[in-house]
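Quick note on labels: first sequence line is chain A, next is B, and so on, each numbered from 1. When reading the values below, keep in mind they use all heavy atoms of this one structure, side chains included, and skip hydrogens, waters and symmetry mates.
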Amino acid sequence: MGTLIDIQSLNLYYGTFHALKDVSMDIPEKAITAFIGPSGCGKSTLLRTLNRMNDMIPGTRIEGQIAVGGTDIYSREVDVETLRKKVGMVFQQPNPFPKSIYDNVAYGPRLHGIRSKGKLDEIVETSLRSAALWGEVKDHLKRSALSLSGGQQQRLCIARALAVNPDILLMDEATSALDPISTLKIEELAQDLKDRYTIVMVTHNMHQAARVSNQTVFFLNGEVVEYSDTEKLFSNPRDQRTEDYISGRFG
Amino acid sequence: MLEAPSSSVINNGVELGSSLKSGSGKAFDRKKRLSLYNKTFKVICIASAVFVCLILFTILFFMGRTGILTFDTVSPLTFFFSSEWAPENDQYGAFIFIFGTFALTFLTMLISVPLSVIIAVFLAEITPSWLKTMLRPVMDLLVGIPSVVYGFLGMTILIPMLRDLTGTSMGDGLLAAAIVLTIMVLPTISRITDDAIVAVPKKYRDASYALGATRFQTIVKVVLPAAKSGIMYAVILGMGRAIGETMAVVMVIGNTPQIADELFKPTSVLTSNIVMQISNVPFDSSWNYALYMMGFLLLVISLLMIVLVRLVQRKGVKS
């Protein structure tokens, strides 16, 4: 497995608050990397630097380097819209647009210039199939996306992200608003998707990280405490703080 | 010194139970007193509601009753479709005014809606926050300016400007009135649209940006469609205001009963015609009745507008 995302001594400030402290890591491609840690530890912040969603928060300052496939994504030559097309994101709250199921999935491709009906139909179908939602919605694609259940909505959001053909999929606590069965479906889906996509997920749920991820990163107060193979991190943590966290002593 | 109510400490269940019984240890029967208050209050509320309804129906009734007398001497067909308005010669065709009202409203909306939406987008999405905190109160103040003032501005600034720009001799007419009305309804429509845009949840914007959309694409394809029912509401409200506006229109429209087939031709609308003529018509004349009928027409149009607003709002809640 090669490295896809290379983060070098990254520091991030929200105004005067030092949210990420000297973070360095390599994220391998075609695998699931999980970020765990207590609330406010910076794991979501790091995730949002990867598709530059932090750009929109006023007062954010970034030092250091993030290279995706060897290109520094914060350099001037990088076009943020193209970056976000390549680095898809699924949010904590399912957030389908108040449009039809079809239009939700077709939204991204249309943005990027695909107009032909046949091509759009094809993208919508493959994306919904990839997100394991096709069977449930294929007969009513014109229905409002808001009529779906929470878990279906989240899978629709995954389909919508996949429709623009990204290489990386960021999942920001994508199951925390869902019931256990929907959560399980999304986890299975992530397992299926990792053969084709590099997945980085933030999760509050340590068991989820243990179940689905290949690598796990443990954050505390904006620092990376430990980064290793998931199995190793949970069975044999190097750092005392990691052990305290995964055994439930805090967080 | 303040003392706590005597029953503040209750030591046992029996005491608690007995204290819950109404009127315990009181000279008044507390229960009866409360029920009297409640009943009185209810009666007052119902009476107020009935009173408001009564006013509305009284207005409708009196306007309609006097207005309908028009049709004793004028056929409805003539009234609605003839453009001969010459009360001196017993010709009461109100088509000019009805057409004028609709044409003026349409033209006003044509100018003001796109402008308002642009202003609202600018206010809600693009303006830096320090400017927002200044602009919003200013716009709210503009809503409250008396319409006569807008009329003055139109008369003294806009009409000379139109004369210079287009070379017409008069300047009065549909276009002048539409511009004045646009300036009047602009703050209303843009502030309500602004609120509707602000109310669009941030998560929709996030989703759009995360798919690689630009700000413009996000606004046009996600934010405005999501704010659609609020924008419709704003437009209908502005339309209602434009239809009923009198003073500002009287001052710039020219007040001549001829059909408004050009932008710069003095004409008249329902409101302006009523206000110009009502003070010097004989009380018991068809002329007077015809003016009432025109007022009644305006009333019906604005009531329809309100019904439309309600329908749009209800639809907005559903989706």
Visitor: Where does A/V90 contact chain B at under 4.5 Å (heavy atoms): side chain, backbone, both or neither?
Guide: neither

Visitor: CZ/A/R84 to OG1/B/T214 distance, rounded to the nearest 0.5 angstrom?
Guide: 10.5 Å

Visitor: Would the number of heavy atoms belonging to other residues, nucleotides or ligands and lying under 6.0 Å from CD1 of A/I181 be above 12?
Guide: no

Visitor: Is it the side chain or the backbone of A/F91 that comes within 4.5 Å of chain B heavy atoms, both, or neither?
Guide: side chain

Visitor: For B/Y204, does its backbone N or O pair with a side-chain atom of A/N95 as donor and acceptor, under 3.5 Å?
Guide: no

Visitor: Can you tell me if B/K42 has over 12 outside heavy atoms packed within less than 6.0 Å of its NZ?
Guide: no

Visitor: Specify which of A/M89, A/M53, A/Q92 makes the most heavy-atom pairs with chain B at under 4.5 Å.
Guide: A/M53

Visitor: Measure across B/K221 and A/K99 and return the closest heavy-atom pair with its distance rounded to 0.1 Å.
Guide: O-NZ, 2.7 Å

Visitor: Side chains of B/S208 and A/F97: does their closest heavy-atom pair fall under 4.5 Å?
Guide: yes

Visitor: So what's closer than 4.5 Å to chain B heavy atoms on A/K86: side chain, backbone, both or neither?
Guide: neither

Visitor: Rounded at 0.5 Å granularity, tell me how far CZ in B/R205 sits from CE in A/M56.
Guide: 11.0 Å

Visitor: Check whether more than 12 heavy atoms from other residues, nucleotides or ligands sit under 6.0 Å from atom OH of A/Y74, and answer yes or no.
Guide: yes

Visitor: Is chain B contacted by the side chain of A/P94, its backbone, both, or neither, given a heavy-atom distance below 4.5 Å?
Guide: backbone

Visitor: Select one option (side chain, backbone, both, neither) describing which atoms of A/P96 are under 4.5 Å from chain B's heavy atoms.
Guide: backbone

Visitor: Minimum heavy-atom separation for A/E81 and B/G212, please, with both atom names.
Guide: CG-O, 3.3 Å

Visitor: What option among A/R110, A/H112, A/K85 has the most heavy-atom pairs under 4.5 Å with chain B?
Guide: A/H112

Visitor: Pick one of side chain, backbone, both or neither for A/R160, based on which atoms fall under 4.5 Å of a heavy atom in chain B.
Guide: both

Visitor: Considering residues, nucleotides and ligands other than B/F106, do more than 12 of their heavy atoms fall under 6.0 Å from its CZ?
Guide: no

Visitor: What closest approach, in Å, do A/L111 and B/A213 show between heavy atoms, and which atom pair accounts for it?
Guide: CD1-CB, 3.3 Å

Visitor: Can you name the closest pair of heavy atoms from A/A161 and B/L211 and give their distance?
Guide: CA-CD2, 3.9 Å

Visitor: Tell me whether the count of non-hydrogen atoms from other residues, nucleotides or ligands lying under 6.0 Å of CZ in B/F152 goes above 12.
Guide: no

Visitor: For a 4.5 angstrom cut-off between non-hydrogen side-chain atoms, does A/Y107 reach B/V222?
Guide: yes

